[in-house]
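In what follows, a structure is listed as structure tokens, so that the remarks can point back to it.
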2 protein chains.
Amino acid sequence: MTERELRLKTAEIEKISHIDYFNIAISVDCVIFGYDDKELKVLLIKSDLEEFAGLFSLLGDLIRPDEDLETASYRILKERTGLDDVYLEQVQAFGSIKRHPSGRVITIAYYSLIDIKHHKMQLSHNELNWHPVNELKKLAFDHKLILDTCLLRLQQRVLETPIVFNLLPEKFSLRELQELYEAILGIGLDRRNFRKKISIKDWLIDIGEIENDVPHRPGKLYKLKPELKIKPARRKLQPGKS
Amino acid sequence: MTERELRLKTAEIEKISHIDYFNIAISVDCVIFGYDDKELKVLLIKSDLEEFAGLFSLLGDLIRPDEDLETASYRILKERTGLDDVYLEQVQAFGSIKRHPSGRVITIAYYSLIDIKHHKMQLSHNELNWHPVNELKKLAFDHKLILDTCLLRLQQRVLETPIVFNLLPEKFSLRELQELYEAILGIGLDRRNFRKKISIKDWLIDIGEIENDVPHRPGKLYKLKPELKIKPARRKLQPGKS
DNA sequence: TCAAAAGTGTTTTGTGTACACCCATGC
DNA sequence: GCATGGGTGTACACAAAACACTTTTGA
């Protein structure tokens, strides 16, 4: 659909036929967050559109008429990361008229949290790569806006609900956890206060093991209490305060 | 589109043609909140679908190919309430396959806040009426879920940003304001603590007038500081904590 | 003079923040 | 033995919650 055709429809607004209402495509875009090397990262692919030559874009696809919004998101995640059981949350829809150069495409944005170490599969196929969130300036489409909006949502959620653990391996030390929070929130945290706050939340189990391969005193390892692992199917409305 | 056609497409999933992707309609649904008689209310219309005979539904419409999501929402609000300059916020999209009996319709939910007294125009045309939010049990489509989700979002926002004033007339007393908060949050509040908290936020101006027509000692009247009135066009990302 | 709500402060409790020392380990 | 992070507690400031009496007005 060209810009010209779009304008034509605008002029004909009074006699819109029912079929015209279907001249809008719907996509899902996934902000796939990962955590590695003490940085929050996002999975991006090089845009194949001429208009955005050289820019990266989020992973997305048109929604098929026979799949739910979440189904479409899980499909994309599965295709791009090989992972199945991931945290996924819808953020909102983006639907500016001119957001997509090839026509009217409304997109529904999701973010998901995955353990970057579990991935490492189809990576770097067609320029699919992890990018530090902080270093991104310009993305294709309105994807920078979508990313920023999702990051903001993540920052809000992370203080209330135990979702960050989706970004970590099964076992982790308190230092790793704190560094993750610092990466997500973009601020430094006091170690003693952080540990106090986490211990009050009662999210973790001391598994009786310690780090190895660290060039200093190893820390204890913890894991998330199993009952707090968020099964994607279970989530309904927003969870309340922890 | 019948259920049978849907299943057919599912079977043909491998050879989906581009045009199939457009076989999805997109609508906007508005949860229009008002406040009257010490109750939070929502504007509903009697559903004209046989499947939902006797049930009420939110106000919505299909999105036109040439209008933004917000433009569509404002159009609905204008059509149904006659009001222009209202608070409007997108919540999220709802897209279950079977949410609409006549085909695949993905809807994007907005809530808006209006002064119920300013309205009173096209009301009760075709069974368009205000309903107390607390007394609603079943709505057409998935509109109860949408309403609940929007209410939850409103409850979260109301503590952080000065949006409740969109539900009140220009001048109001602190008692009215407190009763409004109580209606939205569904809890009782301590008067002294409430007044302290509001005064700290520094949102109000004492306009030097007092209530009249009250059968008791009249309270002072206040108005929201003009610079805090949220112009719909200005809002971008989520506002931070107050 | 009575009913109804306005208006107003203090105390207690909990939460967030700032901050420093000794300990265990790897090198 | 030294560098590195692990592990821990206390003091202060601020915010939230509980709580009661006097004042003003209309009826």
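Within every chain, numbering begins at 1; the chains are lettered A, B, ... in the order of the sequence lines, protein sequences first and strands thereafter.
When the shell of 6.0 Å around NZ of K223(B) is examined, it contains 12 or fewer heavy atoms from other residues, nucleotides or ligands.
At a threshold of 4.0 Å, the pair E209(A)-K220(A) does not count as salt-bridged, since none of the basic side-chain nitrogens sits closer than that to a carboxylate oxygen.
If you check distances only, the side chain of R175(B) never reaches the base of dA4(C) with a donor-acceptor pair under 3.5 Å. Between the side chain of R191(A) and the base of dG7(D) there is at least one donor-acceptor pair of N/O atoms closer than 3.5 Å. Between the base of dT17(C) and the side chain of K196(A) there is a donor-acceptor pair shorter than 3.5 Å.
Proximity note for R192(B) (side chain, C-beta onward) versus dG9(C), dG7(C), dA20(C): the nearest is dG9(C). Closest approach to the R217(A) side chain among dA24(C), dT25(D), dT8(D) is made by dA24(C) (side chain taken as heavy atoms from C-beta onward). Taking only side-chain atoms of R195(B), from C-beta outward, the nucleotide of dT8(D), dC19(C), dT8(C) with the closest atom is dT8(C). In this structure, the nucleotide among dT8(C), dG9(D), dT25(C) sitting nearest to the side chain of P218(A) is dT25(C).
Rounded to a whole Å, the CG atom of N193(B) is 11 Å from the C1' atom of dG9(C). At whole-Å resolution of the value, CZ in F172(A) and P in dG6(D) are 14 Å apart. Note: CG (L159(A)) to C1' (dT15(C)) measures 15 Å, nearest angstrom. Regarding D213(B), its CG atom lies at a distance of 10 Å from the P atom of dG26(D), rounded to whole Å. A straight line from NZ of K220(B) to C1' of dG7(C) spans 9 Å, rounded to a whole angstrom. Going from atom CG of L221(A) over to atom C1' of dG7(D) covers 15 Å, rounded to whole Å. As a whole-Å value, the separation of Y181(B) OH from dA16(D) P is 13 Å. For the pair K201(A) NZ and dG16(C) C1', the computed distance is 12 Å after rounding to whole Å.
With hydrogens and angles ignored, the 3.5 Å screen pairs a side-chain donor or acceptor of D190(A) with a backbone N or O of N193(A).
Each of I200(B) and D190(B) was matched to the nucleotide of DNA chain D holding its nearest heavy atom; the match closer to the 5' end belongs to I200(B).
A donor and an acceptor atom, one from each side chain of Q178(B) and E182(B), are located under 3.5 Å apart.
In this structure, F141(B) has its ring center at least 6.0 angstrom away from the ring center of F94(B).
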